[in-house]
Each structure stands twice: as structure tokens, then as C-alpha cells.
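Inspection log for the structure reproduced underneath, given as C-alpha cells.
Given the structure is predicted, the values throughout are model-derived calculations rather than measurements. Any value given below was found using the heavy atoms of this structure, including those in side chains, with hydrogens, waters and symmetry copies removed. Chain letters run A, B, ... following the sequence lines, proteins first, then strands; residues in each count from 1.
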Number of protein chains: 2
Amino acid sequence: MGDDRRVETTETAPPTGREAVERAALGMFEEQGYAGTSVRAIAGAAGVDPALVIRWFGSKEDLFLRVLSLTEKPVPDLTGPLDTLGERLVAFALAPGQRDVRRDLTALVRASDSSSVRSRLRQITRTLFVERLVERLDGPNAELRSHLIASQLGGLLQSWDVAEDQNVAAASRDRIITLYGAALQALIDPPVE
Amino acid sequence: MGDDRRVETTETAPPTGREAVERAALGMFEEQGYAGTSVRAIAGAAGVDPALVIRWFGSKEDLFLRVLSLTEKPVPDLTGPLDTLGERLVAFALAPGQRDVRRDLTALVRASDSSSVRSRLRQITRTLFVERLVERLDGPNAELRSHLIASQLGGLLQSWDVAEDQNVAAASRDRIITLYGAALQALIDPPVE
DNA sequence: GTCTATATACCGATAGAC
DNA sequence: GTCTATCGGTATATAGAC
């Protein structure tokens with residue numbers, strides 16, 4: 001603060017104060033997880049006193065939830081033909097450009113011992129997938145099927161992350177898109193009785 | 001050891017020493033997670049000095065991995081007709097009797113910031129599902145498909161747990177078995193080119 | 001008001017006495 | 001083998017300087 005003269009046009013102004021804390025926190029939470037990141041380390045990286053972090057953001061968990069809200073993150077494109085939506089969803093989830101989102105979701109899942117984090121996770125799943133999927137699905141149980149599709153995507157992301165360049169991750173992305181896309185498609189297509 | 005006289009017949013002998021620590025640790029890790037469970041609390045519940053827990057088991061993480069190895073847990077029955085295996089796998093995963101296994105897997109996933117825990121998770125997935133599935137699947141990419149089926153099951157378990165008696169968990173188990181079973185079936189059936 | 005410095009109450013782990 | 005005492009670490013809260 002102090003010399004924060006509100007030059008709102010420049011994008012690359014070196015962050016200071018609260019913003020520096022938020023950026024440092026996001027990066028460290030993504031890379032080392034919640035438990036592996038200390039408030040002291042965040043404060044050090046941001047050039048700020050540790051006590052200020054608590055004073056500004058309430059608690060470590062509040063800062064975590066604020067910084068991992070996943071707002072302003074890209075959303076999957078659900079337009080286009082329904083009968084190939086499965087593959088497009090998998091391709092979206094595994095796209096290189098979605099790496100940060102994957103890491104954010106991983107960090108959230110691994111911190112989900114806390115019920116606040118679980119609640120945030122539900123909210124993200126709902127706004128990112130379920131609410132938008134349910135409007136496109138035909139047939140019965142559209143909402144449940146949307147939830148289950150989101151579950152499938154969550155499972156894929158978790159395996160992709162846990163695999164660590166073996167097993168699943170070692171397979172060609174295209175093959176996974178084809179195979180797992182078909183599995184998603186089984187819940188996208190209206191169920192036949 | 002010392003007074004461990006190998007009375008292998010009695011099942012209900014009140015656990016003492018190391019065994020009391022292991023039981024207390026398992027229960028507390030399942031219920032409150034890794035971070036939420038302190039060595040001091042485990043020692044207190046087991047009636048043992050906290051320093052002994054470390055001395056006996058090496059570290060908190062070593063104790064966690066030892067107690068959550070998921071050996072001697074029931075394994076899904078993969079025999080029977082292939083064309084309904086999807087539903088049977090979902091039914092197995094969601095069965096009330098599998099609650100402890102679900103909680104164990106949840107605890108592991110939530111502690112998977114640690115690479116040792118991720119490694120254990122891979123091992124469990126492999127021995128519980130992949131190795132046994134791959135022998136039953138026909139068609140190409142049997143191993144990858146087995147991994148992806150395990151991913152689907154992992155995603156379902158995670159949602160089931162995060163949902164907390166809303167959304168997914170609120171739906172009738174039978175409907176989930178039907179719908180998600182069909183999604184698993186898409187990877188069980190040999191892919192058509 | 002904003003921030004600095006300090007205090008409290010935990011944690012996992014260890015050294016060393018008995 | 002067992003346990004006491006303690007170390008360095010953590011998150012969080014507050015008193016008080018500027």
C-alpha cells in the first residue's frame with residue numbers, strides 16, 4: 001500500500017500487498033497442497049508479514065477457498081452435436097491449457113477433509129458441469145446423469161494426476177479421449193429401457 | 001513382542017500395545033483424515049505414550065500407510081457374465097458392507113499430497129481392479145480400459161463421499177447402479193471400430 | 001487505521017534419563 | 001523398553017507502535 005496509485009490499465013504491474021499474497025498463495029497451494037503450504041511461506045514469498053496474511057484474509061483456510069474459487073476459469077463448450085459431446089468433454093478436461101484447472105481441482109480434493117472445501121467442490125462441480133449439462137440432456141434422470149458425468153470426469157482427472165506419467169497418463173491422449181468419451185456418452189445419450 | 005504368546009485362536013482379546021495403536025489409528029484416520037488426526041490423540045486413545053508411537057512405527061506417515069494398506073479387504077467378484085459386469089461392479093462399490101473400504105480410499109485420496117500415499121493408491125487400484133479386470137476383458141487396449149474403469153469407480157466413490165447425502169447420494173442406489181453400470185459397461189465391452 | 005511484534009497453543013519428532 | 005523433557009515447527013490471536 002501507500003504507493004498504490006491505481007494505474008488500472010497496466011496488466012503487469014508487480015503485485016503488492018494483498019494481491020501479492022493471493023498470487024503467491026495460489027501458486028504454492030497448487031504446487032504443494034494445503035498442508036504443505038504454510039502461511040509463513042506465503043507471506044515470505046509475497047514480502048509481507050505472516051500476521052498480516054491472517055489479518056487480511058481471516059485464516060489460512062479462508063485464503064485457500066478465496067484463491068481456489070475457480071471463478072474466471074474457462075468453461076467447457078457444451079454446444080454442438082450431442083452424440084459426440086462425450087469425446088469433446090474428455091478432450092476439454094485433458095487439454096494442456098486446462099492444466100491449472102486440473103491442479104486447482106486436485107488441490108481442492110486433497111484438502112477435502114474440511115467440509116467447507118467439500119462444499120466449494122460441490123459448488124464448482126455444479127456450476128462448471130451439472131447446471132449446464134442438465135439443460136442439454138434429453139431423457140429421464142437428466143440431473144442425476146449430469147452428476148454422474150461429472151463424477152466420471154472427476155475420476156479421470158484424479159487418475160491422470162495420481163498416475164504420474166505412468167499407466168493412464170502414458171497412454172496416448174487420443175485413445176483415452178475415444179474410450180472414455182464413449183463411457184461419458186453412455187450417460188449423455190438418453191437411457192433405453 | 002516379549003509377552004506375545006501367539007494365542008491365535010482368540011479373536012476378541014482386548015488389544016494392547018502396538019495393536020491398540022494400529023486399531024485406534026485406523027479408526028481415527030478414517031473418521032478425521034490424516035491431518036485431522038494427531039499422534040498424540042492416537043496414543044491417548046490407545047493408552048500409550050505418544051513417543052512410543054513414533055518409536056514403534058517410525059513416523060505418522062509410516063503408521064498411516066501401514067494401517068491403510070487395504071490388505072485383507074474384500075475384493076470384487078469378477079466372475080459371471082461379462083455383459084452385466086458393469087452393474088455388478090457399481091453395486092459392489094456402493095454396497096453398505098464396503099463402507100470401510102470407501103472411507104479408507106477417501107482418507108488415502110485426501111492424503112495424496114504425499115507421493116508415498118499416491119504410490120500406495122496406485123498399488124491398491126492395480127491389485128484391487130486393474131490386474132484382475134485385464135484378464136477378463138476382451139478386445140484391444142484391455143489394460144488401458146481397465147485403468148479407465150478403475151478411474152470411473154474412483155470418481156463415483158469420490159462424488160458419493162463429497163455429496164454428503166445430497167445430489168448423487170440422495171438418488172436411489174438402484175438407479176445409480178443401472179446408469180453408472182451402463183457407463184462402466186461401455187469400457188467393459190470390446191470397443192467397436 | 002495499518003502494520004509490527006509478540007504470545008498462545010498446538011503439532012511431529014528426538015535425545016536421553018530410568 | 002519405556003517415558004520425561006524438549007526442540008523446532010505450525011496456525012492463529014492480540015497488544016501496542018506508528
Inset, instruction - Could you state the atom-to-atom distance from CG of B/Leu52 to P of C/dT14 in whole Å? - result: 14 Å
Inset, instruction - Would you kindly give the CD1-to-P distance between B/Ile42 and C/dA13, to the nearest whole Å? - result: 10 Å
Inset, instruction - Check whether the side chains of B/Gln158 and A/Ser151 place a donor and an acceptor atom closer than 3.5 Å, and report yes or no. - result: no
Legend entry - Under 3.5 Å side-chain donor-acceptor pair for A/Gln123 and A/Arg120: yes
Legend entry - Check: A/Thr106/A/Arg102 side-chain N/O donor and acceptor closer than 3.5 Å: no
Legend entry - First-last contacting nucleotides on DNA chain D - partner chain A, under 4.0 angstrom, heavy atom: D/dT10 to D/dT14
Legend entry - Flag if over 12 foreign heavy atoms under 6.0 Å of CZ, A/Arg136: yes
Inset, instruction - Could you check A/Arg40 against A/Arg55 and say which one's nearest nucleotide on DNA chain C is further toward the 5' end? - result: A/Arg55
When the side chains of residues 45-53 of chain A are checked against the rest of the protein, which donor-acceptor pairs come out under 3.5 Å, sequence neighbours left out?
unit_1	atom_1	unit_2	atom_2	d
A/Asp49	OD1	A/Ala51	N	2.9

Inset, instruction - Specify the separation, in whole Å, of atom NZ of B/Lys60 and atom P of C/dG12. - result: 5 Å
Inset, instruction - Tell me, please, which residues at least two apart from A/Arg118 pass salt bridge (Lys or Arg N to Asp or Glu O under 4.0 Å). - result: B/Glu164
